[in-house]
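Notes to accompany the following structure.
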Amino acid sequence: LRTLVVSLAATHSPNHVWIYVIDMGGRSMGILREFPQVGAVIIPDEVGFEERVEQLFRTLNEVIEKRKDLLTMSGQPDIYKYNQANANNPEPAIVVAIDNILDFKETFDKGDDNVEGVMEQFVAMARQSKQFGIHFVISAGKSGDLSTQLFSIFTERLTLKLADPTEARSLVGASAP
C-alpha cells in the first residue's frame with residue numbers, strides 16, 4: 001500500500017487526489033504524512049485512534065452528500081464526468097487505504113445491530129462511493145480475512161506471492177498461475 005500511495009502522490013497533485021491511510025498493519029505508514037496529498041495517516045497506537053477513524057468516515061459521508069448534490073445540480077452521472085465538464089475546478093479523487101483489514105474488522109465490527117458502526121459505514125461506503133470519486137484499497141493476509149460481502153465489493157484484486165497457490169486462485173480467479 002505504501003508504494004501505491006507514493007505512486008499516486010508522485011503522479012497526481014493535491015488538487016486531483018486526496019489520500020487517507022488507516023495503518024492497522026506494520027505501523028510503517030507514518031512517513032506518508034509528508035506528502036501534501038495525504039490528509040491523514042491514522043495509527044492505532046496514537047491517542048484518539050478510534051475517534052479519528054470515526055471522524056474520517058463522518059467526513060467521507062459529508063463528501064458523498066455534497067457530491068450527490070453537485071452531480072444532481074450539474075446533471076452529470078459521476079464525479080469523473082463532472083470533472084471533465086469542470087476542468088478548471090475539479091473535485092479530487094479520494095483514496096482510503098486500509099492496511100490489514102482483519103485488524104480493522106476486529107477493532108470496528110462491534111456486532112451491535114442497533115447502531116451503525118464504523119464497519120457498517122465502511123461496507124456501505126465501499127459499495128456506493130465509486131461514482132462520487134471515493135475509492136478504497138485494502139490489504140489482507142488471506143482471502144478468509146474478508147467476509148463474503150466485502151469480497152464481492154472488491155472486484156479488482158491484486159495478489160503478491162502467497163505460500164499457498166490456491167489462495168491466489170481464490171483471490172484473483174482460476175486463471176491465476
Side-chain angles (χ1 to χ4, degrees), residues 1-25 28-44 46 48-101 104-105 107-109 115-140 146-147 149-158:
L1 289 179
R2 191 172 45 234
T3 301
L4 174 68
V5 171
V6 170
S7 295
L8 287 170
T11 57
H12 297 77
S13 79
N15 294 333
H16 294 99
V17 68
W18 297 344
I19 304 166
Y20 299 92
V21 178
I22 301 172
D23 184 3
M24 304 293 293
S28 62
M29 304 273 198
I31 191 74
L32 299 173
R33 288 184 177 110
E34 302 300 319
F35 291 105
Q37 295 88 338
V38 176
V41 176
I42 305 170
I43 299 174
E46 296 175 343
F49 161 71
E50 289 187 21
E51 292 82 13
R52 289 185 68 206
V53 172
E54 290 168 1
Q55 178 58 46
L56 173 61
F57 279 87
R58 279 192 302 273
T59 300
L60 293 172
N61 273 321
E62 290 169 8
V63 169
I64 287 173
E65 291 306 314
K66 176 187 165 234
R67 290 183 177 184
K68 279 181 184 177
D69 293 342
L70 193 64
L71 294 177
T72 299
M73 289 186 327
S74 69
Q76 299 295 336
D78 60 45
I79 206 67
Y80 305 102
K81 298 280 189 211
Y82 174 86
N83 283 346
Q84 287 175 352
N86 297 282
N88 293 334
N89 193 21
E91 291 290 319
I94 297 173
V95 176
V96 180
I98 302 174
D99 188 22
N100 193 345
I101 193 66
F104 182 83
K105 190 167 65 170
T107 303
F108 293 105
D109 192 2
V115 178
E116 183 181 54
V118 170
M119 193 64 195
E120 290 80 12
Q121 289 178 41
F122 164 64
V123 171
M125 208 175 290
R127 187 176 283 126
Q128 69 157 349
S129 61
K130 186 176 179 182
Q131 78 180 83
F132 305 111
I134 299 175
H135 305 276
F136 289 89
V137 180
I138 62 172
S139 70
L146 298 174
S147 65
Q149 184 180 39
L150 273 178
F151 190 82
S152 66
I153 291 171
F154 288 92
T155 57
E156 309 251 343
R157 301 181 195 111
L158 170 72

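- I43 CD1 to I22 CD1: the interatomic distance, rounded to the nearest 0.5 Å, is 11.5 Å.
- Within the 3.5 Å criterion, the main-chain N or O of Y82 finds a donor-acceptor partner in the side chain of N86.
- Checked against F136 for a side chain to side chain contact (heavy atoms under 4.5 Å, CB included), the options I153, I101, V96, L150 give a single hit: V96.
- The structure places NZ of K130 at 9.5 Å from CG of D78, a figure rounded to the nearest 0.5 Å.
- Remark: of the listed residues V38, T3, V137, V95, V95 is the sole one forming a side chain to side chain contact (heavy atoms under 4.5 Å, CB included) with L8.
- Taking CD1 of I98 as the start and OG of S139 as the end, the distance is 9.0 Å to the nearest 0.5 Å.
- When atom types are taken as modelled, the side chain of E34 and the backbone of I31 share no donor-acceptor pair closer than 3.5 angstrom.
- Without hydrogens or angle criteria, R67 side chain to I79 main chain gives no donor-acceptor distance under 3.5 Å.
- Considering every non-hydrogen atom in both Y80 and G133, the closest pair reads OH-CA, 3.2 Å.
- Scanning both residues, M24 and P44, for their nearest heavy atoms gives SD-CG, 3.8 Å.
- In this structure, Q121 and R58 approach most closely via the heavy-atom pair OE1-N, 4.5 Å.
- Rounding to the nearest 0.5 Å places CG of L32 at 10.0 Å from CG of L4.
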Notebook entry, point to check: Step by step, would you call Q84 with Q76 a side chain to side chain contact (heavy atoms under 4.5 Å, CB included)?
Noted result: CA-CA 10 Å; Q84 287 175 352; Q76 299 295 336; over 6 Å; no

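- Judged purely by atom type and a 3.5 angstrom limit, Q37 uses its side chain to pair as donor or acceptor with the backbone of A9.
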Item checked: From CA spacing to verdict: side chain to side chain contact (heavy atoms under 4.5 Å, CB included), F132, I94 -> CA-CA 9 Å; F132 305 111; I94 297 173; over 6 Å; no

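- Side-chain polar atoms of R52 and Q55 form no donor-acceptor pair below 3.5 angstrom.
- Nearest heavy-atom pair across T11 and S7 is OG1-O, 2.8 Å.
- A pairwise comparison of heavy atoms in D23 and M29 identifies OD2-N, 3.0 Å as the closest pair.
- In this structure, CG on L71 lies 11.5 Å from CD1 on I64, to the nearest 0.5 angstrom.
- The minimum heavy-atom distance linking V41 with R33 is given by the pair O-NH2, 2.8 Å.
- A perpendicular orientation is assigned to the rings of F57 and F122, their planes being inclined by more than 60° (bins at 30° and 60°).
- Not less than 6.0 angstrom separates the ring centroid of F49 from the ring centroid of F104.
- To the nearest 0.5 Å, atoms CG (L56) and CG (N61) are separated by 10.0 Å.
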